[in-house]
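Here is the structure we will look at.
All chains are named by letter (A, B, ...) in the order of the sequence lines, taking the proteins before the strands, and each is independently numbered beginning at 1.
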There are 2 protein chains.
Amino acid sequence: PEVVEVGEGGGMLTRQLGRALAAGRGPAARGLATASCAGGESVTIRNDSSELANLSAHFLRAECYCPECRHGATNQRLVDIAASAGVTAHSAAIAEDGSLKVAFSDGHASTFAPRWLELHSRSSEPDGSRLRRISSLAECLEAQGGPALPESQRPLPLDAPPRAPWAAIEEGGSQLAGVLRNFRRHGAVVLEGAATGDDVIERLAQALGGERATHYGARFHVLSKQQPDSLANTGHALGYHTDLPYRAEVPSVQALHCQQSDAEGGLSLLTDGFAAAEQLYKDDPMAFAELACTPLSFCWQGREGVLLRAQRPVIELCQNLTLRAVNFDNRNVRLRLLPESLGGVAGKSLLEAYSALGARIDAPEKTLKFRLEPGEVMMFHNRRLLHGRTAFDASSGARKLHGCYLDMDMIESTERALELQAEGAMTRFDAPDFARGSFWDA
Amino acid sequence: PEVVEVGEGGGMLTRQLGRALAAGRGPAARGLATASCAGGESVTIRNDSSELANLSAHFLRAECYCPECRHGATNQRLVDIAASAGVTAHSAAIAEDGSLKVAFSDGHASTFAPRWLELHSRSSEPDGSRLRRISSLAECLEAQGGPALPESQRPLPLDAPPRAPWAAIEEGGSQLAGVLRNFRRHGAVVLEGAATGDDVIERLAQALGGERATHYGARFHVLSKQQPDSLANTGHALGYHTDLPYRAEVPSVQALHCQQSDAEGGLSLLTDGFAAAEQLYKDDPMAFAELACTPLSFCWQGREGVLLRAQRPVIELCQNLTLRAVNFDNRNVRLRLLPESLGGVAGKSLLEAYSALGARIDAPEKTLKFRLEPGEVMMFHNRRLLHGRTAFDASSGARKLHGCYLDMDMIESTERALELQAEGAMTRFDAPDFARGSFWDA
């Protein structure tokens, strides 16, 4: 069998390993390497003389790509990364074709092709500068007492969503300014008393600065489809997530208008991602810093001819260490098996940090759950809040939402203009008026 | 006269000073405080017993808001911040109404209302955490040998813009993939041989993932207007700038289609902002770090009912210290008079860093200057490249551009899809195929 060369560092998954396993297909593969999982936390691959790789069981479980763990038509992940945090490996072996077979404590069995092992070892050089940035950020955060929240932010109420009359959209003026101010503060609002036609979302966008068009178009429907381009268009439950983190510019606001709601299930879920991130900082500041310093890839390939990918950290901070966004998307995130770690198995600390944030996001006592009724429009800040829904049974009745994305800065602009108009002031620049410097000088 | 209270720190412009000057309107103001400018680098305001404020002459010159220094209809800045770096104060005095009057070495005379002085002293608490972040970033940058460039980046050619036939847009396939690959690398392309109708830009957007609509609409015209909403729609020269840095999400790509070009002047200018930032890092790493750590406000109020504002640093880095954007907009940036500085007069180091970057952006040997002819479409990366134009005389003939913004990630998606199609491969996710992991695993 081919000699597998590994650097002195050892213990890392190396590209050579995958290549060697692939090259050794057939009976020879058995002799090339063996896999074991003593303790269960990781899977070790070794040849006669040395350890070739040591892979976290959690990473392997979360990256399983069998049809049960990935949605076939969209390749979106079905297995929950954070919920798999405690999963261990019960057995591990290298098969005749060179693939790695693992049985997990949750009863699942996975097969990883040799080529997969090769592809997942791309960044096998430990990245010392990432660790330096993490500790450097942790120090800066500690010095200023933790991450700051946007100044205007108020908590998301958890007993019931903030509500406002749809009529405010039609009437404008200081009433609408008040609705938008509350929306900016709390991150969500349910507008009630709208009709159920397609013009409702059009009218909303018109009042708030226009749609932010995406690859889904200016407006879109969410309903169970025969050929889904996303899990959103099935009856699946959707865990808490950010929409479109695989876009270079993530839409800041989403509006969803309920047109029909006859199916069993399909309740709307909202939670405050910034609150979860703050909690993580209090409980484990290094985990927070690692998530804020480590870009992950988010990918989408749900439609012929569109292949989107973006890199961003799960926790995104402004330069002054104010929270800018939480990017959480179990379906489309690609995990990284980093060779370096804040301790222990390769990349383990990143996965643990990710799961720790996930556990705080999923905390049942932080969940806002409600049924969106026909004629109601739910609007939320897609970079602060995470949203989801419970599963529904499409055979029990129709569930139809009509939606669009909006730009938070255009909504804020609208709020400012309405306030100035209510005071009878100019909203276009006229001349320096330092008696009222609210816009230019705040 | 009212007693002006200043903290022990002294030497800072304080809010109390502005209030006191405003309250002391009339003859009393003279007795309240005096202004002087020994040395010329700064203007000192003092009362009988102590120094109340010490304002950089450069800051005062750049922030002058007289009709000569600001465009009346849009409030956009006309005086060049970077070019004013050497300007000193020749005389300074407090007038009877409490305003500050300064005569500068460039011959200009400015008046600053007491209320202006108050408004510009809002952040009068020195921000120690900003200085900590600057030195922390400088250390991280030094450890990894300076800021990284996006991996695929190649220099912008400076003798002539990269060119490609418009026909590639119509034909698609591997020819278009090649054009887009070069565009991604160099940051700009001129497509030649298009018609001059409004459908050219529509067709371009359709081929490249759709327009990124803004407050200017999905598409817009650039021409000399009677009621301009921006200096772009006058015959003024436009210095190098980023478009729309006052939007929370800055459009990543701009396309400008020349429909008519009969006016004298109006040459197109392009330069590479990343190259300028890299040069600044080599020459003065602390200036680079200060610009990367200090958010500035960018504002736009050019149309009734739209009041846009965003905060971002002039140099924007990714978490792994790769350059993400240079945000340079002399017209719409608001300078900050920071009480703390890397040395010397309050906020002086930030202004010096800004001007140092500006000088590298304006370097004549780094300029790509050309005439865009009718039927040509110029497309450039708005977050890396800076663009501008020479002045033109609208009375000498018409100059008419038709434009739109596009999303770089949709253009990259198009490039990937065309490449896969050219190879006869699926562009929608089908099944794990690790033999070709180019998209999912790169």
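- In terms of the ring-ring contact (aromatic ring centres under 6.0 Å, His included) criterion, residue partners of B:F288 (sequence neighbours excluded) are, by chain and number, B:Y281.
- Residues of residues 130-141 of chain B lying under 4.5 angstrom from chain A, judged on non-hydrogen atoms, are B:R132, B:R133, B:S136, B:C140 by number.
- The greatest number of non-hydrogen atom pairs below 4.5 Å with chain B, out of A:M410, A:E316, A:Q144, A:R312, is found for A:M410.
- Aromatic rings from A:H215 and A:F220 are positioned such that their centres are separated by 6.0 Å or more.
- Chain B forms more heavy-atom pairs under 4.5 Å with one residue of A:A213, A:P67, A:S129, A:A248 than with any other, namely A:A248.
- Residue A:Y405 forms a side-chain contact (heavy atoms from CB on, under 4.5 Å) with just one option from A:V253, A:L244, A:V250, and that option is A:L244.
- Per-residue heavy-atom pair counts under 4.5 Å with chain A were compared for B:L317, B:D407, B:T214, B:T294, and the maximum is reached by B:D407.
- Residue contact with chain B, scored on non-hydrogen atoms closer than 4.5 Å, is absent for A:A218.
- A side-chain donor-acceptor contact under 3.5 Å links A:N382 to the backbone of A:P251.
- Under a 3.5 Å cut-off, the side chain of B:S99 and the backbone N or O of B:A113 do not form any donor-acceptor pair.
- In this structure, the portion of B:R212 lying under 4.5 Å from any heavy atom of chain A is its side chain and not its backbone.
- Inter-residue side-chain proximity for A:R383 and A:N327 is flagged as met; some heavy-atom pair is nearer than 4.5 Å.
- Using a cut-off of 4.0 Å between Lys/Arg side-chain N and Asp/Glu carboxylate O, B:D409 and A:R309 are scored as not salt-bridged.
- Although no hydrogens or angles enter the test, the distance criterion places a donor-acceptor pair under 3.5 Å between the side chain of A:Q76 and the main chain of A:L231.
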